[in-house]
Amino acid sequence: SDHSLTYPTSPADMDWASLYPIYAVKDDEQSKPKLTSHDNDPEEKRTAIKALTKNVEIADIGCGFGGLIFALAPKFPDKLILGLEIRTSVTEYVQEKVRALRVQNAATGAYQNASCIRANTMKFLPNFFQKAQLDKIFLCFPDPHFKQRKHKARIVSYTLNSEYAYVLKPGAVVYTITDVQDLHEWMKGHFEKHPSFERVSKVFEEGEGDNGEGMDECVRLMRGETEEGKKVTRNNGMKYVACFRRLEDPAWP
Ligand code: SAM
């Protein structure tokens, strides 16, 4: 259950610095600390929230045990990567692994750019991310919710796609992968009919020739480095990939 989850009232109210401490703006650089407004607090206690020197640009939605974020972190050392996961124990596992990898790699500073929070991403995604903040969103092996009456729990729908569109930059990409053909068709259908998205090229998704030359490197990572991707490989299962580019919004006449 997600009843105990709390959400920031806006992206500026998130304590990003505790997730990415080395990217926190130092006190002396921060001319005006951002304040969370506890409007109903009688003593007007306000908590100073440290800003970051850069924003999260890559989000892995339903990140599970974090295989993908740990593979992305060294490949995109200049980008902040966030896993969002609804299960408490799984989120704690990922956070613990982040801590351990940061300690092990203290000399190089690797994995400072990866983090994970507990969240139900079907709710309030725009409270975490500003408009046009993200470069990439990953939806890897989302729960299929096979039964018709459970389809509303799927993390792809026309409404949720509008939220993904809001937080993505024009030109940014949503990556989807699943081993369930019915869910693949569902995700494809919902993104294809959404005016903010267009499907990327076949080469981007599959590459060419025996070695998949030209395949986008993140497609390669989500096929091979997610826990579910590894499981499907072990079972010789099919992986269905579909990626969609965020289009520019049309100009107002
Ligand atoms: N992406 C990982 C992978 O490919 O190995 C995990 C896939 S697992 C089948 C689906 C994950 O999504 C689970 O860890 C589940 O707890 C999480 N999840 C499901 N609904 C969610 C939601 N609304 N918000 C955040 N996480 C969610």
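Just follow the structure's listing: the first ligand is 1, and inside any ligand the first atom is 1. Not measured: the values here are computed from a predicted model.
- Judged by the shortest distance from any of its heavy atoms, P142 lies outside the 4.0 Å radius around the atoms of ligand 1.
- Under a 4.0 Å criterion applied to the non-hydrogen atoms of E227, ligand 1 contributes the atoms 5 (O).
- In terms of protein heavy-atom proximity, atom 7 (C) of ligand 1 is nearest to F141 O, 3.4 Å.
- K239 and T233 share a donor-acceptor pair across their side chains, judged by distance under 3.5 Å alone.
- Paired with V156 under the rule side-chain contact (heavy atoms from CB on, under 4.5 Å), one option of M187, H151, H194, K188 passes, and it is M187.
- In this structure, K136 forms no cation-pi arrangement with Y175, as its terminal cationic atom is not both closer than 6.0 Å to the ring centre and no more than 45° off the ring axis.
- For the pair E57 and L80, the minimum side-chain heavy-atom distance is 4.5 Å or more.
- More than 12 heavy atoms of other shown residues, nucleotides or ligands fall within 6.0 angstrom of atom NZ in K230.
- Between G62 and ligand 1, at least one pair of N/O atoms sits closer than 3.5 Å.
- Ring to ring, F244 and F197 are not that close: their centroids are 6.0 angstrom or more apart.
- Scanning all protein heavy atoms for the shortest distance to atom 16 (O) of ligand 1 gives E85 OE2, 2.5 Å.
- For atom 26 (N) of ligand 1, the nearest non-hydrogen atom of the protein is I86 N, 3.2 Å.
- With rounding to the nearest 0.5 angstrom, the OG1 atom of T178 is 10.5 Å from the CD atom of E185.
- Residues R223 and V241 form a side-chain contact, since some pair of their non-hydrogen atoms from C-beta on lies under 4.5 Å apart.
- Polar contact with ligand 1: absent for V90 (N/O pair, distance under 3.5 Å).
- Protein heavy atom in closest approach to atom 19 (C) of ligand 1: D143 OD2, 3.3 Å.
- Atoms of ligand 1 found under 4.0 Å from any heavy atom of G64 (numbered from 1 in listed order, with element): 6 (C), 14 (O).
- Heavy atoms of A119 approach ligand 1 to within less than 4.0 angstrom.
- To the nearest 0.5 Å, atom CG of residue L183 and atom OG1 of residue T176 are 8.0 Å apart.
- Here's the thing with C140: one of its N/O atoms is less than 3.5 angstrom from an N/O atom of ligand 1.
- By the 3.5 Å distance cut-off applied to N or O atoms, N120 is counted among the residues near ligand 1.
- With hydrogens left out, the protein atom closest to atom 5 (O) of ligand 1 is E228 N, 3.0 Å, a heavy atom.
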